[in-house]
Amino acid sequence: MAREEDFDANLAGEEGQSEETKQSWFKRIKKGILTSTAEKKETPEGLWSKCPECNYICTVTELRENLFVCPKCNHHHRIGSSEYFEILFNNNEFEVLFEDIRSKDFLNFTDLKSYKKRLEETWAKTDITDSIRIARGLLHEHDLVVGCMDFEFIGGSLGSVMGERICRAIDLCLQERLALLIICKSGGARMMESAFSLMQLAKVSG
Ligand SMILES: [Zn+2]
């Protein structure tokens, strides 16, 4: 029963767990498919996805083969960094960089819950460590660094970690003369880091 509810909630793009998550101030847009990150890699047969635009129902495998574009109406489903990396890099082979940089609760910020708790819950829920992942791999013959934001991680919000990872990616690309691609899908600055978020613009520009 709980599984069925979660399935419905997934189709609607909600977490489908506690009331608290449903009412969080960062309301998730009721669009797109959301399978948990662990399930994305090897999609079990028979998992279905419904297009939020035209209600066309197909298997997630079929959707994946069509690069997450609805086969019927061409609607582009929301995807995360894993899917982008899979689409871009040869044979889905890439190295994820700067994963050890993690957010801290500098300001002891609390909204509905403390920022520290929010971070810990998000880390437990997903296998991504912040709202951007940097990966290096080959796209055809080109050595490429890709920074891809994940909306799933606190709305893809820009905090100190995202700023630092982008800067390190730029430095690496300058040093080794690599191409850099940044896929932006952010919900804005992360208010829990306040001025630290705002400083990232100056840092990245520098
Ligand atoms: Zn559609």
Side-chain angles (χ1 to χ4, degrees), residues 1-94 96 121-122 125-135 137-140 142 144-158 162 180-190:
M1 194 61 201
R3 275 190 69 93
E4 248 177 76
E5 277 167 18
D6 278 356
F7 179 72
D8 282 346
N10 270 342
L11 284 181
E14 284 177 342
E15 296 288 346
Q17 282 151 1
S18 62
E19 274 307 303
E20 197 182 10
T21 15
K22 280 184 191 162
Q23 290 174 358
S24 69
W25 49 270
F26 232 122
K27 269 248 181 270
R28 283 171 173 268
I29 303 159
K30 290 198 172 188
K31 274 195 165 188
I33 47 154
L34 280 179
T35 29
S36 80
T37 328
E39 285 175 338
K40 277 175 191 163
K41 274 273 145 44
E42 284 155 30
T43 318
E45 282 300 320
L47 197 61
W48 297 86
S49 148
K50 185 175 172 187
C51 174
E53 204 61 38
C54 71
N55 292 335
Y56 177 71
I57 294 175
C58 65
T59 61
V60 174
T61 318
E62 191 186 340
L63 189 66
R64 179 178 289 271
E65 277 162 10
N66 212 35
L67 301 181
F68 304 96
V69 176
C70 171
K72 202 179 162 203
C73 76
N74 238 10
H75 175 76
H76 288 231
H77 288 248
R78 186 206 291 162
I79 57 176
S81 56
S82 305
E83 288 80 7
Y84 276 105
F85 294 159
E86 188 186 330
I87 292 168
L88 288 167
F89 292 121
N90 300 352
N91 310 319
N92 202 15
E93 284 167 13
F94 55 87
V96 182
E121 285 178 6
T122 316
K125 203 168 64 182
T126 67
D127 58 5
I128 46 180
T129 55
D130 210 273
S131 44
I132 191 167
R133 283 209 300 164
I134 312 283
L138 285 175
L139 188 160
H140 296 296
H142 304 288
L144 177 71
V145 175
V146 181
C148 182
M149 296 176 193
D150 272 295
F151 197 80
E152 202 183 345
F153 197 99
I154 319 188
S157 52
L158 163 81
M162 187 189 283
L180 174 67
L181 170 69
I182 296 182
I183 300 167
C184 294
K185 32 196 230 131
S186 171
R190 189 174 299 171

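Read the numbers this way: they start at 1 and go in the same order the structure lists the ligands and their atoms. Just the heavy atoms: all of them, side chains too, but no hydrogens, waters or symmetry mates, feed the values below.
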Subject >> side-chain contact (heavy atoms from CB on, under 4.5 Å) assessment of M149 paired with S131 >> reply: CA-CA 5 Å; M149 296 176 193; S131 44; 5.7 Å; no

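The shortest side-chain heavy-atom distance between D130 and R190 falls under the 4.5 Å cut-off. Using a 4.5 Å heavy-atom cutoff, the side chains of K185 and Y84 are in contact.
Applying the side-chain contact (heavy atoms from CB on, under 4.5 Å) rule to L67 yields the partners I87; only residues at least two apart in sequence or on another chain are considered. Taking the side-chain contact (heavy atoms from CB on, under 4.5 Å) definition, one finds that N66 meets it with V69, P71, sequence neighbours left out. The ring-ring contact (aromatic ring centres under 6.0 Å, His included) test applied to F85 returns F89, F94, not counting sequence neighbours.
Note on the Zn ion (ligand 1): protein N, O or S atoms under 2.8 Å away count 4, no waters included.
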